Amino acid sequence: MIDEALREISRGCAEIIDNERVEKLLKNYFEEGKTYTVKAGFDPTAPDLHLGHTVLLQKLATFQKYGGRVQFLIGSFTATIGDPTGKNATRKVLSKEDIIKNIKSYTTQAFKILDESKTEIVYNDDWLGQMSAADMITLASNLTVARMLERDDFSKRFKSNTPIATSEFMYPLLQGYDSVYLKSDIEIGGTDQKFNLLMGRQLQKAYDIKKQQAVLMMPILEGLDGVAKMSKSLGNYIGVADEANDMFGKVLSISDELMWRYFELLSDKSLDEIARLKEGVANNTLHPKKVKEDLAIEITTRFHDEKAAQNAKAEFEKVHAKNQIPTDIELFSCDGDIWIAKALVDCNIEPSTSQARRDIKQGGVKINQEKVFDDKLQLSTGEYLLQVGKRKFAKLKVN
RNA sequence: GGUGGGAUAGUCAAGUGGCCAACGACGGCAGACUGUAAAUCUGCUCCCUAUGGGUUCAGAGGUUCGACUCCUCUUCCCACCA
């Protein structure tokens, strides 16, 4: 039992620090029914979760299966500083109102994966906001500047003459102090959080918490480009709240290489089964597209439902494999004749008339399925199906 | 506090009086090829109904026929010294 739980917990993990502690906690749970706390922090800097976040959430859900009580920490205080991790510039600081707004959509999305009854939502504003200047100084004395500058992200910024705000130095300390306050047994986060996560252990020791938290790190999920970390600001993400069609399409657009990564970190399939699929693709008994489709179905089903996922698949085939037009196309209308470039801009499928003209000249624009090359074309009364590239569509009714 | 260096398009980064809407790289968009994949190749990449016009090189002034380039002030960043 314990072994099975351990295996499931360590699946996909990049690193576990203090594995013994994890084992002990599990043992206590299975033998005496004792629960334990698992902390994970989330910065409400963006209102929407994406699959990168769900890697952590799924891991938390696994812990919940085996006696873990999740401390879902909203960094309501720390968000006002901005986590410097992995950033090469000081992050923009959020206003209180933005944060509150973000939290709500954040948690509803999270509970698509987490068991709400085993989750406690905590805000670090509650304790960090109470700290006095003296408390801060005491906290800060736990860390030297030299150590801080050892951090890769800071040292890079330092070397490249990118500014580092002093407040950013406080970030790891505050995150670590959260673990002190919450007396967390385990904390999980991305590998890029290692420094911050370990700070929790160090501070728990400094503040005389008997047991230091175990730390479990998950790999960072690459975004759709397969290179950079999935993030909203880079636009390479699949959002939890994405429409089924988008979600399906986005998964299918990832490279074959990246697909295995997504399988490992996002799929519920067993590692054995994934290995089998991989082998099948390698020896040509399985078509990679088929395998990717299954993954897309699985992920889409998780956030929508089976039916929506199947519809998305059918829609996708229709639009892309058979080159037909999608079912739902946004309809626009205008009065009087309209210049084609202007029409494309008005329908939000081109950013500027200049860009529209360029695309037209390059054969990237279709009207009613026919390529157009005349960038001076006027559309007179009637209904038109406008298309830019492969995936931007709009219907326009000219009155 | 002192001294010196810097700020250029989405990002990095050339340009040091007219040849500059500004080299190049990356990113992005479109086309070809495909499995809407990847890789590759080609074109484009400030805005504007455009062989032309407009607004750009941190901000404000100035010198000049002409400024991203020179001068002054301001803001921000960096380095060294204190």
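Throughout, protein chains are lettered first and strands after them, A, B, ... in sequence-line order, and every chain is numbered starting at 1. A quick note: this is a predicted structure, and the numbers were derived from the prediction, not measured.
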Looking for any heavy atom pair under 4.0 Å, which part of the strands does [X] touch: base, sugar-phosphate only, or nothing?
| X | result |
| --- | --- |
| A/K342 | nothing |
| A/P288 | base |
| A/K366 | nothing |
| A/G249 | base |

Rounded to whole Å, how long is the line connecting atom [atom1] of [X] with atom [atom2] of [N]?
| X | N | atom1 | atom2 | result |
| --- | --- | --- | --- | --- |
| A/M259 | B/G35 | CE | P | 15 Å |
| A/D225 | B/A39 | CG | C1' | 16 Å |
| A/D375 | B/U49 | CG | P | 11 Å |
| A/Q387 | B/G31 | CD | P | 8 Å |
| A/R391 | B/G28 | CZ | C1' | 12 Å |
| A/N236 | B/G28 | CG | P | 10 Å |
| A/H287 | B/A38 | NE2 | C1' | 13 Å |
| A/L258 | B/A39 | CG | C1' | 15 Å |

For RNA chain B, whose closest nucleotide is more 5', that of A/V345 or that of A/N245?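 Its nucleotide being nearer the 5' end, the pick is A/N245.
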
Comparing A/F248 and A/G363 on RNA chain B - which has the more 5′ nearest nucleotide: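 Result: A/G363.
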
What is the ring orientation for A/W127 with A/Y181, classed by angle as parallel under 30°, tilted 30 to 60°, or perpendicular over 60°?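 Parallel: the ring planes of A/W127 and A/Y181 meet at under 30°.
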
Nucleotide paired to [N] in any strand shown, Watson-Crick or G-U, under 3.5 Å:
| N | result |
| --- | --- |
| B/C57 | none |
| B/G4 | B/C78 |
| B/U49 | none |
| B/U16 | none |
| B/A30 | B/U42 |
| B/C70 | B/G62 |
| B/A9 | none |

Polar pair under 3.5 Å, donor/acceptor by atom type, side chain [X], base [N]:
| X | N | answer |
| --- | --- | --- |
| A/Q362 | B/G31 | no |
| A/R357 | B/A50 | yes |
| A/D256 | B/G35 | yes |
| A/S354 | B/A50 | yes |
| A/Q378 | B/U49 | yes |

I'd like to know if A/E222 and A/K229 make a salt bridge, using a cut-off of under 4.0 Å between side-chain N and carboxylate O.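 Salt bridge between A/E222 and A/K229, a charged N being under 4.0 Å from a carboxylate O: no.
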
For the side chain of [X], starting at C-beta, report the closest nucleotide among [options].
| X | options | answer |
| --- | --- | --- |
| A/D359 | B/C29, B/U49, B/A38 | B/C29 |
| A/W339 | B/U49, B/G35, B/G31 | B/U49 |
| A/K390 | B/G35, B/G31, B/U49 | B/G31 |
| A/Q355 | B/U49, B/C47, B/C29 | B/C29 |
| A/S352 | B/A30, B/C48, B/C44 | B/C48 |
| A/T353 | B/U49, B/A30, B/C47 | B/U49 |

Assert yes or no for the condition that the ring centre distance of A/Y66 to A/Y29 is strictly below 6.0 Å. no

For B/C29 and B/C19, measure between their P atoms and round to the nearest Å. 33 Å

Rounding to an integer number of angstrom, what distance separates B/U45 and B/A22 when you compare their C1' atoms?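 The same atom, C1', in both gives a distance of 14 Å.
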
Does [Y] offer a backbone N or O that forms a donor-acceptor pair with the side chain of [X] under 3.5 Å?
| X | Y | value |
| --- | --- | --- |
| A/H304 | A/D242 | yes |
| A/Q71 | A/K183 | no |
| A/R357 | A/D375 | no |

Name the atoms and distances for all side-chain donor-acceptor pairs under 3.5 Å in residues 361-371 of chain A, with sequence neighbours left out.
{"from": "A/N368", "atom 1": "OD1", "to": "A/L385", "atom 2": "N", "distance (Å)": "2.8"}

